[in-house]
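Take a look at the structure set out below.
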Amino acid sequence: MISLREEVTLPSPPAAVWPLLCDPAIVASCIPGAELTKSGDDGKYQGTMRVKFGPTVATFRGEAKLAYDHDARRCTIEGRGIDGRGASRANASGVVTASGEGVTVLQVEGNFTVTGPLETFANAGGVHLARAILAEFAENMGKLVAESAPRPGPLPAGGEREGPAHPPALSGTKILWRAFTSWLCQLFGKRN
């Protein structure tokens, strides 16, 4: 079992960030490689996650169950998936908490396992990949929050402002670099 405990900071207050974090479609659009394919009224969501483990790219399809505590600004997540070839399986559980005053501190704590042919790759670098994906998510969410913030000044002709744009597409080079720097920081005893 691989454990992850990370903190990222978004430059907006929790009151602006939490409503976006409560929308699984918005969250999925900010996670590199993720796509929400079906949502249910019972807190269960189906989707896919494309992940690169070393030289192998796997697309996991699976289900996540989300439970929100809006007063504490906390979300618990239970997820499971199977790769497209059916040989590897992934299970994950975790808690995401949004706190802070003028900025939002996202605390992510959880565990995940990968079994099957991809297990060796996941055990060797899974936590670094997870950190890189979390950093990319935070960057995309930060841009989305900034775009959705009310802007001063008169409304454009037509009386409405455009909604937030979708975050930029996944940058493979950026994810690889972040995973590499995460590995280096762990190797030399520093956290990024």
Side-chain angles (χ1 to χ4, degrees), residues 1-34 36 43-53 60 62-81 88-115 118-119 121-142 144-145 167 170 174-175 178-192:
M1 180 169 295
I2 301 166
S3 295
L4 178 71
R5 186 177 189 157
E6 290 294 310
E7 236 178 54
V8 293
T9 303
L10 298 170
S12 299
V17 175
W18 182 248
L20 297 177
L21 290 175
C22 292
D23 185 331
I26 289 175
V27 170
S29 76
C30 291
I31 298 173
L36 184 65
K44 291 183 181 176
Y45 299 87
Q46 294 178 2
T48 60
M49 180 73 179
R50 187 173 179 268
V51 181
K52 183 171 183 176
F53 291 104
F60 286 87
E63 179 178 270
K65 183 170 184 176
L66 308 175
Y68 296 97
D69 178 346
H70 296 289
D71 293 333
R73 290 191 177 121
R74 177 193 308 243
C75 177
T76 57
I77 305 162
E78 297 287 331
R80 59 191 165 95
S88 294
R89 298 178 186 279
N91 289 298
S93 63
V95 176
V96 177
T97 306
S99 61
E101 295 288 325
V103 298
T104 300
V105 177
L106 283 183
Q107 295 172 321
V108 179
E109 191 170 341
N111 301 298
F112 64 95
T113 58
V114 177
T115 58
L118 297 176
E119 183 174 358
F121 293 117
N123 289 338
V127 73
H128 305 295
L129 179 64
R131 285 179 182 149
I133 290 171
L134 181 60
E136 185 86 1
F137 165 79
E139 185 177 308
N140 290 338
M141 181 60 73
L144 197 60
V145 171
L170 169 64
K174 190 185 291 186
I175 291 291
R178 285 183 170 161
F180 178 70
T181 57
S182 170
W183 174 77
L184 283 178
C185 289
Q186 182 175 351
L187 183 66
F188 293 107
K190 296 181 181 178
R191 303 278 311 235
N192 54 348

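- Note that OG of Ser29 is 7.0 Å distant from CE of Met141, once rounded to the nearest 0.5 Å.
- A distance of 9.5 Å separates CD1 of Ile2 from NE2 of His128, quoted to the nearest 0.5 Å.
- Nearest heavy-atom pair, Ser12 versus Val145, reported as atom, atom and distance to 0.1 Å: OG-CG1, 3.1 Å.
- Put simply, the residue from Leu21, Asp69, Leu66 that forms a side chain to side chain contact (heavy atoms under 4.5 Å, CB included) with Cys75 is Leu66.
- Put simply, the residue from Glu6, Arg5, Glu7 that forms a side-chain hydrogen bond (donor to acceptor under 3.5 Å, both in side chains) with Gln107 is Glu7.
- Of all non-hydrogen atoms in Val103 and Pro11, the two that sit nearest each other are CG1-CA, 4.1 Å.
- Atom OH of Tyr68 sits about 7.5 Å away from atom CD1 of Ile77, to the nearest 0.5 Å.
- In this structure, Leu36 and Gln46 approach most closely via the heavy-atom pair CD1-O, 3.4 Å.
- Each of Thr104, Leu144, Val105 was compared with Leu10 under the side chain to side chain contact (heavy atoms under 4.5 Å, CB included) criterion, and only Thr104 meets it.
- The shortest heavy-atom contact between Ser88 and Phe60 is O-CE2, 3.8 Å.
- In this model, a donor atom of one side chain and an acceptor atom of the other lie less than 3.5 Å apart for Ser3 and Asn111.
- Of all non-hydrogen atoms in Pro13 and Glu101, the two that sit nearest each other are CB-O, 3.5 Å.
- Between the CZ atom of Arg74 and the OG atom of Ser99 there is a distance of 10.0 Å, given to the nearest 0.5 Å.
- Going from atom CG of Asn91 over to atom CD of Glu78 covers 9.0 Å, rounded to the nearest 0.5 Å.
- Under the side chain to side chain contact (heavy atoms under 4.5 Å, CB included) test applied with Phe137, the options Ile31, Val108, Val8 reduce to a single match, Ile31.
- In this structure, Leu106 and Ala98 approach most closely via the heavy-atom pair CD2-CB, 3.9 Å.
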